[in-house]
Structures are given as C-alpha cells and as structure tokens.
There are 2 protein chains.
Amino acid sequence: MTRNEEEPVGPDALDRVTWALRRAELAVQAAKEQRLRALGMAVSHYALLITVHSQPGLAGAELARRLNVTPQAVASLVARLEGRGQVERREHPRHRHIQELHLTEAGREALRAADAVVAEVEQQIKDALGAAPAEQLRALLDEVCEAVRED
Amino acid sequence: MTRNEEEPVGPDALDRVTWALRRAELAVQAAKEQRLRALGMAVSHYALLITVHSQPGLAGAELARRLNVTPQAVASLVARLEGRGQVERREHPRHRHIQELHLTEAGREALRAADAVVAEVEQQIKDALGAAPAEQLRALLDEVCEAVRED
DNA sequence: TGTCTAATGTCAAACGTTTGATACTGACGT
DNA sequence: ACGTCAGTATCAAACGTTTGACATTAGACA
C-alpha cells in the first residue's frame with residue numbers, strides 16, 4: 001500500500017459538530033442583526049446594554065472580559081452609547097479613575113425594545129424544537145463550553 | 001396594579017439558548033485559533049482551504065457565499081494564501097475573467113496539518129459528550145438553522 | 001445583430017477591532 | 001512609609017472586513 005503517514009482530509013469534514021455550531025451561530029446572529037437594524041441598534045450594542053443591565057456598576061475592563069472583546073472596543077462602544085444618552089459613566093467610590101457603567105432611563109427603554117425583538121428569535125427556536133429539546137440543547141452547549149475550556 | 005405595557009428585561013436574559021450558542025461558538029473558535037496559531041494559520045485561512053478542498057474550482061464570489069463573507073474578503077485571503085503558494089487561481093475554461101480556485105500541493109499539505117489539530121477539538125467535544133449526544137447536538141443545531149432562516 | 005441583464009472581479013474609502021505602548025491609581029509586602 | 005505590583009483607562013497605529021462604485025464578461029431576449 002502507498003505511504004499514508006498523513007491521512008487525507010475527508011470530504012465530510014464540513015459535517016462536523018463545530019461547523020454545525022458555526023452555521024447555527026451565524027444564522028442566529030444574522031437573524032438578530034436583521035431585527036435590531038430596524039431599531040438602529042447593532043448586536044454589539046445590545047450585548048453591552050443587556051450585560052450592563054444585568055450587572056450594573058461594572059468597570060470597562062471587566063465588561064470587556066464578559067463580552068469577549070478588548071477594553072478598547074468597549075470604550076468605543078461606550079463612547080457611542082454615551083453619546084446617545086443610553087449609558088452613563090460614574091466615578092467609582094473608592095478608585096478614582098475607574099468608572100462604573102450604568103444604564104440611563106433612555107438606555108433601559110432602548111434595551112426593552114431591543115430585547116423584545118431578540119426574544120422573538122429565541123421563541124422562534126423554541127417553537128421549532130419544542131421546549132424540552134431546546135433546554136437539552138442549552139445543556140449540551142454548556143457542556144461543549146466546559147469541554148473545550150480546560151485542555 | 002402598576003402600568004406594565006412594557007415588560008421589563010428579566011435578569012435571566014443571559015441564560016437563553018442563543019447566548020449559550022454564542023458562548024459555545026466563541027469557546028470553540030478560540031480553541032481552534034489557539035491550536036492553529038502554532039501552525040501560523042488563522043481560522044479564516046483554514047476555513048477557506050477546507051472549503052476549496054471539498055469543492056475545487058469554486059469562483060471567488062461563490063466561495064464568499066459559502067464562507068458568509070464578502071467577495072473582497074475572499075480576494076484578500078486568496079491573495080495572502082496565493083503568496084504562500086497554497087492556493088492558485090486558474091482561468092475558467094468558458095468565462096475568461098472568472099478564476100477557478102484550486103489548492104496547490106503545499107496547500108493540501110498545510111490543510112492536512114491544520115485539519116489534524118482542528119479535528120482534535122472535535123474529538124474533545126465528542127469525548128466529553130459521548131457519540132450519540134454529539135450527533136444529537138449536531139441535529140439540533142441544524143434545526144436551529146432551519147428555524148431562523150425562514151421568517 | 002445588438003442590447004440588456006446578471007454575475008464576477010477589483011479599486012478606494014470608511015468602519016470597527018486588535019495590538020502595542022503609556023500613564024495613572026490603589027493595595028500589598030518587606 | 002515606601003517601593004513594587006496588579007489592574008484600569010487611554011492614545012496611536014496596524015489589521016481585516018465591509019460598503020459603495022465601477023469595469024468586464026457571458027448569456028438572454030428581441
């Protein structure tokens with residue numbers, strides 16, 4: 001037989017779980033983006049708003065870790081959202097040059113509107129899969145996170 | 001009761017399926033990127049190589065659709081990979097200024113090495129979940145794609 | 001045959017993010 | 001009390017991608 005120390009790349013390499021994961025994520029992200037565009041909001045803006053909403057008073061650097069982006073990217077987003085009056089930067093009580101991030105009333109209003117349309121996508125998925133499989137999907141996805149985190 | 005025409009954004013909004021999907025995709029993508037960096041290859045390069053490998057002779061615009069990016073992004077990637085001698089652009093037999101994309105032998109070699117480490121991530125997931133749940137996950141993800149595509 | 005349309009490829013500019021480097025602040029230890 | 005260190009914020013530059021626009025080409029239809 002011929003030398004095959006290097007096994008060839010199979011034609012079914014695109015049918016992997018990780019590719020299905022990527023396709024699904026792209027499709028969901030596109031669906032969110034499409035719905036949010038009508039409200040003049042980007043997905044990254046929505047992600048920032050809902051994260052600050054669920055945990056008010058976060059520092060920019062800490063927020064960057066949660067969003068999986070760099071602190072500079074957060075600063076850029078905050079600057080824009082602050083210009084729209086949806087986010088405000090308060091001075092940290094103990095550390096002076098650290099700034100706590102909070103939502104303004106306008107920010108909460110914008111988030112409510114955005115979350116309504118994003119929740120539609122979530123509901124769309126649950127309707128198609130059923131409640132139990134959807135929950136199972138969520139559990140499997142969390143397991144995937146765990147599996148690839150520690151190596 | 002108070003006015004609640006606008007329902008508040010629940011604190012459990014981050015526990016949705018779509019967020020678990022995003023977290024898992026980011027984690028998997030990060031794992032791939034980390035392993036591919038050692039080979040001096042970006043995830044986008046790997047994605048292009050394996051797509052061209054599975055379907056040789058694709059045009060740039062068609063390839064862009066499969067990768068969910070713009071034709072310019074593909075042109076940029078192809079230019080770089082062509083500079084490395086991993087991809088070549090042949091003239092389409094019928095259409096003159098359309099260029100078929102093919103892998104060179106060096107490209108196939110690089111793809112083999114890259115695919116080996118990417119397959120490790122896939123195996124890592126299958127080991128953690130088990131074969132049957134992994135396949136079920138893949139099926140559920142495909143259902144998610146279908147669910148959000150048509151609206 | 002001539003024109004129209006759809007599709008491809010490429011150029012230039014704008015955008016958002018990352019990378020690298022710097023300044024500042026508060027806590028901790030010897 | 002003082003120096004060291006970790007964490008935060010900000011600036012400048014580079015990178016990769018998208019957006020918009022344009023030239024080219026082949027097939028379709030009259």
K.L.:
Within less than 4.0 Å of OP1 or OP2 of C:dT18, is there a side-chain N or O belonging to A:T70?
P.N.:
yes

K.L.:
Reckon A:Q72 has a side-chain N or O less than 4.0 Å from the OP1 or OP2 of D:dC15?
P.N.:
no

K.L.:
In whole angstroms, how far is the C1' atom of C:dT18 from the CZ atom of B:R37?
P.N.:
12 Å

K.L.:
Separation of B:I98 atom CD1 from D:dA23 atom P, in whole Å?
P.N.:
19 Å

K.L.:
Check whether the side chain of A:H97 and the base of C:dT25 form a donor-acceptor pair under 3.5 Å.
P.N.:
no

K.L.:
To the nearest Å, how far apart are B:E100 CD and C:dG9 P?
P.N.:
11 Å

K.L.:
Round to the nearest Å and state the distance from A:L101 atom CG to D:dT8 atom P.
P.N.:
12 Å

K.L.:
Between D:dA26, D:dT17, C:dG9, which one does the side chain of B:A73 approach most closely?
P.N.:
D:dT17

K.L.:
Side-chain contact, heavy-atom cut-off 4.5 Å: A:R108 with B:P8?
P.N.:
no

K.L.:
With a cut-off of less than 4.0 Å, is there a side-chain N or O of A:R96 near OP1 or OP2 of D:dA9?
P.N.:
no

K.L.:
Tell me which nucleotide among C:dT18, C:dT8, D:dT10 gets nearest to the side chain of A:P71.
P.N.:
D:dT10

K.L.:
Any ion pair linking A:R22 and B:E25 (charged N to carboxylate O, less than 4.0 Å)?
P.N.:
yes

K.L.:
Would you mind reading off the distance between B:E33 atom CD and C:dT18 atom P, rounded to a whole angstrom?
P.N.:
10 Å

K.L.:
Among the nucleotides D:dG7, D:dA26, D:dG16, which one has an atom lying closest to any side-chain atom of B:H95?
P.N.:
D:dA26

K.L.:
Measure from the side-chain heavy atoms of B:S76 and tell me the nearest of C:dT25, C:dT17, D:dT17.
P.N.:
D:dT17

K.L.:
To the nearest 0.5 Å, what is the distance between CG on A:D115 and CD on A:E120?
P.N.:
10.5 Å

K.L.:
For A:L77 and D:dA9, what is the distance between atoms CG and P respectively, to the nearest whole Å?
P.N.:
14 Å

K.L.:
To the nearest Å, how far apart are A:E82 CD and D:dA9 C1'?
P.N.:
14 Å

K.L.:
For D:dT10, does either OP1 or OP2 sit under 4.0 Å from a side-chain N or O belonging to A:R89?
P.N.:
yes

K.L.:
For DNA chain C, whose closest nucleotide is more 5', that of A:N68 or that of B:A59?
P.N.:
B:A59

K.L.:
Figure out the CD/C1' separation between B:E62 and C:dA6, and round it to whole Å.
P.N.:
14 Å

K.L.:
Report yes if at least one side-chain N or O of B:Q99 is closer than 4.0 Å to OP1 or OP2 of D:dT25; otherwise report no.
P.N.:
no

K.L.:
Determine: side-chain N/O of B:R94 to OP1/OP2 of D:dG27, distance under 4.0 Å, yes or no.
P.N.:
yes

K.L.:
Any sub-3.5 Å donor-acceptor pair from B:Q99's side-chain atoms to B:G60's backbone N or O?
P.N.:
no

K.L.:
Is there a path of hydrophobic side-chain contacts, each under 4.5 Å between heavy atoms of I, L, V, M, F, W or Y residues, that connects B:I50 with A:L26?
P.N.:
no

